[in-house]
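Below you'll find the structure, written out as structure tokens, and then a few comments.
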Amino acid sequence: MSENNAGNYNFNDIEKKWQSFWESNKTFKTPDTTDKPKYYILDMFPYPSGDGLHVGHPEGYTASDIVSRYKRMQGFNVLHPMGYDAFGLPAEQYAVQHGIHPAITTEKNISNIRKQIKSLGFSYDWDREINTTQPEYYRWTQWIFLKLYNSFYDAEQKKARPIEELEIPADLSDDDRTKFIENHRLAYESNTPVNWCPALGTVLANEEVIGGVSERGGHPVVRKPMRQWMLRITSYADRLIDGLEDLDWAYGIKKLQLDWIGKSIGAEVDFKVYNDPAKTVEVLDTTIEKTEHTIKVFTTRPDTLFGATYMVLAPEHPLVDEILDDQQRFPVEMYKHEASLKSDLDRTDLAKDKTGVDTGAFAINPVNGQKIPIWISDYVLISYGTGAIMAVPSHDSRDFEFAKQFNLPINAVVSPTDKWLEEQVQKKNFDQDYLTKNKLENITEDAAGIRQVYNNHPGIFNDAFCGLGTAINSDKFDGMATEDFKVAIIAELEKDKVGEKAVNYKLRDWLFSRQRYWGEPFPIIHHEDGKVEAIDEKDLPVLLPETENFKPSTTGESPLANVPEWLYFEKDGKKVRRETNTMPQWAGSCWYYLRYIDALNNQAPFDKAKENYWMPVDLYIGGAEHAVLHLLYARFWHKVLFDLGIVSTDEPFQKLVNQGMILGLSYKDPRGVLVANDLMEKKGDKFFHKETGEELVEFTAKMSKSLKNVVNPDDIIRDFGSDTMRLYEMFMGPLEANKPWNMNGLEGVHRFLQKAWRMIVNAETGKLNDAVVDAEDCAELLRLRHKTIKKLTHDIETFGFNTAISQLMIFTNEFGKAKQRSKAAMEDFVLMLAPLAPHIAEELWAILGHDDTLSYVPWPKYDEALTVDPEIEIVVQINGKVRDKFMMDAGSDDKIIEETAMATEKIKTQLEGKTIRKVIVIKNRLVNIVAN
RNA sequence: GCCAAAGUGGCGGAAUUGGCAGACGCGCGGGAUUCAAAAUCCCGUUUCCUCACGGAAGUGUGGGUUCGAUUCCCACCUUUGGCACCA
């Protein structure tokens, strides 16, 4: 700033001044009792990483802050808190490498990130700040775990109930009784195979494994059976689906959750295994029983049962060893061994060609008595459904591929739609090998003919028909539509007791334990006789022990197993051992929004009356990357707490808005290899590799350390101020859209703030600008003022911050030009600017002569009548093309508009020699003359 | 492969229910101010044809509905994000 302009916009001083004003006056402290209506605005709290915030974080925080400040001015009691999701792997890995306790690293990172957040001037109530790693907080995370542990899901009432209310069959032994109870708890121990990540030294939830490698770090993951804690989220699958309906969330996010839960409705069908040493009979009476085994399959297409020509079991299926034919024992064992060595990655991505082995055993198709072979293949997953399928190669693409690979029979039972058949013919999608093999080379290609051939040879194409159609080759069901057939066959199966309606979910129970130090310890102890016991609520928290060794223990347990004085203690005269697993990072974030309501309570997680007042969260803003994990887990916990009467709402987050990602500019070479930004050299408007000299292509990519395209907000705040930073992030585009970060528009919003400053302040004196007077504005300016209030009100309500800012720019451009401007208009302007750029607004408010903060001054009101233009430009079109324009009083009669339009010289000339066919008049907009 | 979102000037983006495409900002060009510069202010800026007046084309591509389509319908292409043998 130059010295002779003492009154210039000095953002540094202004921002410091007002941040300390807000802090020392506790301007944003939120009372829990007031007669104002409440509004709860929540941000997804950050993980305090060592790198601090990047420019993506403040985007969501700015948006929520704008709404918070706006709602306060609208007279709401606004709860707007902030905290830190501070347990997690990075601090622990840092501890392993540098020997510094995670608590120390975490505290250091938090104070850095807190400073960054405060420097943006967000209106949080800092007295409610929380940190998931503090015992005062995780005490209650453990408390909620005990609630889960001590509850079961009542399938009839469709809700969780205390475990004491579980009805236990009377005739059980003590052991079976315990087992029965364990099998119903919402938190339970399990020994099933889990995703073990050797590099991280811990297990991971399914959701944390992407394509066979860990989501964090990309390390290989293997399947390994281990004792783990699970949460019975699958019990809530239907509730989690149903609850979505009334939520004000983007459709895409709801869809992601629906897909993740993956509900499918179909039938379970029993296939009897047929052991026939003679191997002679091809078709059997269905009543024949030459078997002790039954294979249960799940299918969504019971209508295709007549087309089941073989079965497939997952290699891990327990019946494989029981049923297999001795002659096939060797290849089957080989295959099982190979499959067990394959990682998930190999089993999915790389397995383009299907593999499998015949067990030599047969099953009987329950609907037609046909004897069908049983194979094993890793395209059938042990973890979904029953781990076994009936294969209908004609109408399932996976079975189709497998059948072609191994020459298994393919029988059509659904006659395809005309459209599909035509498409196949048109694409010439014929399988030539199949045609040759079946002597069908001279196949006719007309539609009716092809259907005939298809119905007997569904293998003629390269694809299976998987859609809905009409039943064929299905005995008495022939001619039925797929949907009706499904209903009819399920009834039939149920009548014959060989199957029933069934529902399956992709969602699995939530693997809830990790072998780490830096997480919440489980409030669980193990007795020497193997009995498990929960620690009493009143003895919480179970504190993390002090240690200097953060490496995983040699037993595969967490580092907690290395602290014997913590691990063992005596209870009722018996030596007991603590649970060494810790909870995953998601635990703390599953209920933090409830703790904000009563952050300092040391008697309960929160006060019930306060919870009742504040919940649900009215607006939740955060990144779409948490669409499934965090949001699904938190909803699950919330529903359990609701069932137990601990919270008052069934769903926690009423409205959800996902801000888009801010992407970094990145570069790749001609081979598509990514090049870090510090190796890029710009010459003119082209980009080159500094070392190889190759030309590079610019594109946008997620910000990441390795690409060196991370932008830190601190630099921008230093050079332009946080008001500019806030405004710029909002001006870049719609909140929900992904957008690349580039500094192009930064200058523009900064200039806008300077203009706004000069509109009100005399830049030489720093006092009120002489042009600001106590007088009425002219009609045009008055109209602009009311239009601006109207637009700002609408745009903030609908998160259109970019257009809100552009309207304020228009306001500044116009009022800045005027020789005189009313003080009242300036005050309205400042109040409207306040949510977006609060520091400069507070300063301008003071210069306009007010003593106190504007944070609670009522939002300006507009008069609808004053937003309407008295004269409106009418467009005249001929055949839809604009030919002329003229001014007209607003609300003029259609007749007069039409006459005026026809009378103008231009239109008269244009219409010469043409016949008018039709004239369309749209009030206040246009006249369209159709003529030729 | 499947699902979701999105394709508009040199760039970010704007356009109530179908009704003047390109608001606002960046950049660029010209001018004013200045000893000069920065800053500021004013004018212009979709493309093509034309000295100009004016005209033509134009919202990913191709069709369709309509007096009129960035907006609605069908097919396709591209980008981003998610899922990925879930029977």
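Order of the sequence lines sets the chain letters (A, B, ...), proteins ahead of strands, with each chain counted from 1. What's counted below: heavy atoms across the whole structure, side chains too, no hydrogens, waters or symmetry copies.
Residues from residues 805-819 of chain A with heavy atoms under 4.0 angstrom of RNA chain B, sorted by number: A:Ser806, A:Met809, A:Ile810, A:Asn813, A:Lys817. For the segment residues 727-738 of chain A, residues with any heavy atom less than 4.0 angstrom from an atom of RNA chain B are, sorted by number, A:Phe731, A:Met732, A:Pro734, A:Asn738.
The shortest heavy-atom contact between A:Phe485 and A:Asp303 is CE1-O, 3.0 Å. Looking at every heavy atom in both residues, A:Thr793 comes nearest to A:Glu797 through O-CG, 2.9 Å. Closest non-hydrogen pair, A:Leu792 versus A:Ala804, comes out as CD2-O, 3.6 Å.
Distance check on atom P: B:A52 versus B:C41 gives 31 Å, rounded to whole Å. Comparing B:U40 with B:U79, their P atoms sit 41 Å apart, to the nearest whole Å. Straight-line distance between the C1' atoms of B:G55 and B:A36: roughly 46 Å, to the nearest whole Å. The separation of B:A87 from B:G82, taken at their P atoms, amounts to 22 Å, rounded to a whole angstrom. Nucleotides B:G68 and B:A15, compared at atom P, are 25 Å apart to the nearest Å. Only the C1' atoms considered, B:G27 is 35 Å distant from B:C76, to the nearest whole Å. As rounded to the nearest Å, B:A6 and B:G31 have C1' atoms that lie 41 Å from one another. Nucleotides B:U71 and B:U65 place their C1' atoms 14 Å apart, quoted to the nearest Å.
Taking 4.0 angstrom as the limit, A:Asn802 places a side-chain polar atom (N or O) nearer than this to OP1 or OP2 of B:A14. An OP1 or OP2 oxygen of B:A4 is reached within less than 4.0 angstrom by no side-chain nitrogen or oxygen of A:Lys255.
Here B:A84 sits opposite no nucleotide as a Watson-Crick or G-U wobble pair (both hydrogen-bonding atom distances under 3.5 Å). Figure legend. B:U78 is base-paired to B:A6; pairs are counted as Watson-Crick or G-U wobble with both atom distances under 3.5 Å. Figure legend. B:A39 is base-paired to no nucleotide; pairs are counted as Watson-Crick or G-U wobble with both atom distances under 3.5 Å. When both distances must be under 3.5 Å, the Watson-Crick or G-U wobble mate of B:C28 is B:G44.
Among residues two or more places apart in sequence or in another chain, the side chain to side chain contact (heavy atoms under 4.5 Å, CB included) test is passed with A:Glu59 by A:Gln659, A:Ile662, A:Glu729, A:Met730, A:Leu735, A:Lys739. Residues satisfying the ring pair (Phe, Tyr, Trp, His ring centres under 6.0 Å) test with A:His750, not counting sequence neighbours, are A:Phe11, A:Phe720. For A:Asp723, the salt bridge (Lys or Arg N to Asp or Glu O under 4.0 Å) test picks out no residue, with sequence neighbours left out. For A:Ser264, the side-chain hydrogen bond (donor to acceptor under 3.5 Å, both in side chains) partners are A:Tyr384, not counting sequence neighbours. Residues passing the ring pair (Phe, Tyr, Trp, His ring centres under 6.0 Å) test with A:Phe886: none are found, sequence neighbours excluded. The side chain to side chain contact (heavy atoms under 4.5 Å, CB included) search around A:Glu268 returns A:Lys296, A:Phe298, A:Thr386, A:Glu500, A:Ala502, not counting sequence neighbours. With sequence neighbours excluded, the residues satisfying side chain to side chain contact (heavy atoms under 4.5 Å, CB included) with A:Lys787 are A:Arg783, A:Thr867, A:Asp869.
If you look at A:Trp375 and A:Tyr335, their ring centroids are not closer than 6.0 Å.
Summarising the geometry, the separation between NZ on A:Lys755 and C1' on B:C24 is reported as 10 Å, rounded to the nearest angstrom. Residue A:His750 contributes atom NE2, which lies 11 Å from atom C1' of B:A39 at whole-angstrom precision. For the pair A:Glu625 CD and B:U80 C1', the computed distance is 15 Å after rounding to whole Å. Straight-line distance from the CE atom of A:Met743 to the C1' atom of B:G25: 15 Å, rounded to whole Å. Separating the CD atom of A:Glu268 from the P atom of B:A87 is a distance of 13 Å, rounded to the nearest angstrom. For the pair A:Ile253 CD1 and B:C83 C1', the interatomic distance rounds to 14 Å; values are reported in whole Å. Here the C1' atom of nucleotide B:G12 and the CG atom of A:Leu663 are 13 Å apart, to the nearest Å. If you take CD1 of A:Ile662 and P of B:G81, they are 15 Å apart, rounded to a whole angstrom.
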Open item on the list: Before you tell me yes or no, could you show the steps for A:Ile374 and A:Val320 under side-chain contact (heavy atoms from CB on, under 4.5 Å), namely the whole-Å CA-CA distance, both residues' side-chain angles and the distance that decides it to 0.1 Å?
Closed with: CA-CA 9 Å; A:Ile374 304 171; A:Val320 174; over 6 Å; no
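Side-chain atoms of A:Tyr384 lie closest to B:A87 of the nucleotides B:C3, B:A87, B:C85. Considering only the side chain of A:Arg758, B:C41 comes nearest among B:A87, B:G13, B:C41. When distances are taken from the side chain of A:Lys739 to each of B:A87, B:C67, B:G13, the shortest belongs to B:G13.
One distance of note links NZ of A:Lys755 with CE of A:Met809; it measures 8.0 Å at 0.5 Å rounding. Here the CG atom belonging to A:Asp259 is positioned 12.5 Å from the CG atom belonging to A:Leu507, to the nearest 0.5 angstrom. How far CG of A:Leu256 is from CD1 of A:Ile261: 11.0 Å, rounded to the nearest 0.5 Å.
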Show me the protein contacts with nucleotides 17-22 of chain B, counting only N or O atoms at under 3.5 Å.
residue : atom : partner  : partner atom : Å
B:C20   : O2   : A:Lys885 : NZ           : 2.6
B:C20   : N3   : A:Glu873 : OE1          : 3.1
B:C20   : N4   : A:Glu873 : OE1          : 3.1

Between protein and nucleic acid, restricted to nucleotides 27-34 of chain B and to nitrogen or oxygen atoms under 3.5 Å apart, what atom pairs and distances do you find?
none

Polar-atom pairs under 3.5 Å, protein N or O versus N or O of nucleotides 56-61 of chain B: list them with distances, or write none.
residue : atom : partner  : partner atom : Å
B:A57   : OP2  : A:Lys881 : NZ           : 3.1

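Among the protein residues, A:Ser264 comes within range of the sugar-phosphate backbone only, with heavy atoms under 4.0 Å from sugar or phosphate atoms but none that close to a base. A:Lys506 comes within 4.0 angstrom of a base, heavy atoms only.
Each of A:Asp399 and A:Thr803 has a nearest nucleotide on RNA chain B; the 5'-most of these lies closest to A:Thr803.
B:G9 takes the syn form, because its glycosidic angle lies no more than 90° either side of 0.
In this structure, A:Phe402 and A:Tyr379 have tilted ring planes: the angle between them lies in the 30° to 60° band. Note: A:Phe811 and A:Phe829 have parallel aromatic rings, judged against thresholds of 30 and 60 degrees for the angle between ring planes.
A:Asn769 and A:Asn762 are not linked by any side-chain donor-acceptor pair at a separation below 3.5 angstrom, with hydrogens and angles left out of the test. There is no side-chain donor-acceptor pair under 3.5 Å between A:Thr309 and A:Asn411.
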